Amino acid sequence: MSIEIAPSILAADISRLGEQVREAFAAGTRWLHVDVMDGQFVPNISFGPHIVAALRPIADEYDAVLDCHLMIADPDRYLEDFVKAGADAVTVHVETCPHLHRTVQHIRTLGARPGVTLNPATPLVMLEEILGDVDLVLLMTVNPGFGGQSFIPGGLARIARVRQMLRDRNRGQVTIQVDGGINAETIGPVAQAGATVAVVGSAVFNHRAPVADNLAALHDAAVQHRVM
């Protein structure tokens, strides 16, 4: 199964953010992942709607998707702000949404693609009642809040189970996104398990090689794994 790479700007050099994002788009990627953290739901603080607004014109040049992952308490307060800023897709955590259907419906009403995500230890049964209402399911394969963590191996089985859950509901068109510890060693198994979009941070944005070279290496690793 082919897989799209969504570079996460959490790992980018913020002093060169626009430049690095353009490098990623010029290399062929058409997704960009914006990790939004509030220091409450997760122990870190990152980006707000102003970053999305700044990136929207660059994404428009390449007809790319801006994908916002809200790792925040009470995300309903900020849905409109992120969509107005230019988010194409907005993903919320099941752990933070007591009225999840209402939240998902609000995202769609605002004109964005609704997504849901859960932490590695949250049972997949929490997805069962919402799969018919979302365009994207994000599976965390690290505990959220920091970049550069190692992939939790049990994530592969969870990806495969969600893929089967979607098949059983005739919802095969729903995007399965995976976030956490994705690199040249893990992207192939993740794709084989059924993921369609891989969020990649430090394996794309780093000082070891240019962004385009890193993306090419990730694509090659995914293809080689499929062939094997």
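Fair warning: this is a prediction, and the values are worked out from it, not measured in the lab.
- For the residue pair G18 and I58, the shortest heavy atom distance occurs at CA-CD1, 4.0 Å.
- A184 meets the side chain to side chain contact (heavy atoms under 4.5 Å, CB included) test with A221; sequence neighbours excluded.
- Sparse packing is recorded around CD of E129, with 12 or fewer heavy atoms of other residues, nucleotides or ligands lying under 6.0 Å away.
- Nearest heavy atoms, T186 versus N183: OG1-N, 2.8 Å.
- I152 and L10 fall into different hydrophobic clusters, where Ile, Leu, Val, Met, Phe, Trp and Tyr are joined by side-chain heavy atoms under 4.5 Å apart, directly or via other members.
- Using a 4.5 Å cut-off on side-chain heavy atoms (C-beta onward), Q20 and D13 make contact.
- Taking CG of D179 as the start and CG of L139 as the end, the distance is 10.0 Å to the nearest 0.5 Å.
- V34 has its side chain out of reach of D67: every pair of non-hydrogen atoms, C-beta onward, lies at least 4.5 Å apart.
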* To do: Evaluate the criterion side-chain contact (heavy atoms from CB on, under 4.5 Å) for residue pair I107 and V92; output intermediate values, then yes/no.
  => CA-CA 10 Å; I107 294 169; V92 295; 4.2 Å; yes

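- Put simply, I45 and V142 are part of two different groups of oily side chains (I, L, V, M, F, W, Y) that touch within less than 4.5 Å, one to the next.
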* To do: Show your working on salt bridge (Lys or Arg N to Asp or Glu O under 4.0 Å) between R108 and D135 and close with a plain yes or no.
  => CA-CA 10 Å; R108 195 178 295 283; D135 294 345; 3.0 Å; yes

* To do: Let me see the working for I5 and H219 under side-chain contact (heavy atoms from CB on, under 4.5 Å), right down to the final yes or no.
  => CA-CA 8 Å; I5 295 173; H219 282 297; 3.8 Å; yes

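- The pair E61-R56 does not meet the salt-bridge criterion, since no charged nitrogen lies less than 4.0 angstrom from a carboxylate oxygen.
- For the pair R113 (side chain) and L136 (backbone), a donor-acceptor distance under 3.5 Å is absent.
- With hydrogens and angles disregarded, no donor-acceptor distance shorter than 3.5 Å links the side chain of S8 to the backbone of V199.
- Between the CG atom in L110 and the CG atom in L79 there is a gap of 6.5 Å [rounded to 0.5 Å].
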* Asked: Stepwise, does the side-chain contact (heavy atoms from CB on, under 4.5 Å) test hold for L55 with V21?
  -> CA-CA 8 Å; L55 293 172; V21 166; 3.9 Å; yes

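- Taking every heavy atom of both residues into account, D63 and R30 meet most closely at O-CD, 4.2 Å.
- The closest donor-acceptor contact from the side chain of R208 to the backbone of N214 lies at 3.5 Å or more, if one exists at all.
- Looking at R171 and M165, their side chains never come closer than 4.5 Å, going by heavy atoms from C-beta outward.
- A side-chain N or O of D35 and one of H33 form a donor-acceptor pair less than 3.5 Å apart.
- The two residues P49 and A85 make their nearest non-hydrogen contact at O-CB, 3.3 Å.
- Put simply, the side chain of V90 reaches to within 4.5 Å of the side chain of V83, judged on heavy atoms.
- Using a 4.5 Å heavy-atom cutoff, the side chains of V197 and I176 are not in contact.
- The side-chain heavy atoms of I3 and V190, taken from C-beta on, include a pair separated by under 4.5 Å.
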* To do: Evaluate the criterion side-chain contact (heavy atoms from CB on, under 4.5 Å) for residue pair V116 and L127; output intermediate values, then yes/no.
  => CA-CA 8 Å; V116 293; L127 293 173; 3.7 Å; yes

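- In terms of modelled atom types and a separation under 3.5 Å, the side chain of S202 and the main chain of A11 share no donor-acceptor contact.
- Distance alone, capped at 3.5 Å, is enough to place a donor-acceptor pair between the T109 side chain and the Q105 backbone.
- You'll find the side chain of R169 reaches within 4.5 Å of the side chain of E128, heavy atoms only.
- You'll find the side chain of L70 stays beyond 4.5 Å of the side chain of T91, heavy atoms only.
- The CZ atom of F82 sits 10.5 Å away from the CZ atom of F47 when rounded to the nearest 0.5 Å.
- Within a 6.0 Å sphere centred on CZ of F151, other residues, nucleotides and ligands contribute more than 12 heavy atoms.
- Closest approach of D38 to V42, counting heavy atoms only: OD1-N, 4.0 Å.
- Atom-to-atom distance recorded for D133:CG and R102:CZ is 14.0 Å, nearest 0.5 angstrom.
- For T117 (side chain) and H93 (main-chain N/O), no donor-acceptor pair under 3.5 Å exists by modelled atom type.
- Between F41 and A73, the shortest heavy-atom contact is CB-N, 3.8 Å.
- Atom CD of E95 is separated from atom CE of M126 by 7.0 Å, given to the nearest 0.5 angstrom.
- Side-chain polar atoms of D76 and T103 form a donor-acceptor pair below 3.5 angstrom.
- Here the CG-OG1 distance, from L138 to T175, works out to 11.0 Å after rounding to the nearest 0.5 Å.
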Distance-only criterion, 3.5 Å: show the donor-acceptor pairs between side-chain atoms of residues 153-162 and protein atoms not counting sequence neighbours.
unit_1: R158; atom_1: NH1; unit_2: P120; atom_2: O; d: 3.3
unit_1: R158; atom_1: NH1; unit_2: T122; atom_2: O; d: 3.1
unit_1: R158; atom_1: NH2; unit_2: N119; atom_2: O; d: 3.1
unit_1: R158; atom_1: NH2; unit_2: T122; atom_2: O; d: 3.0

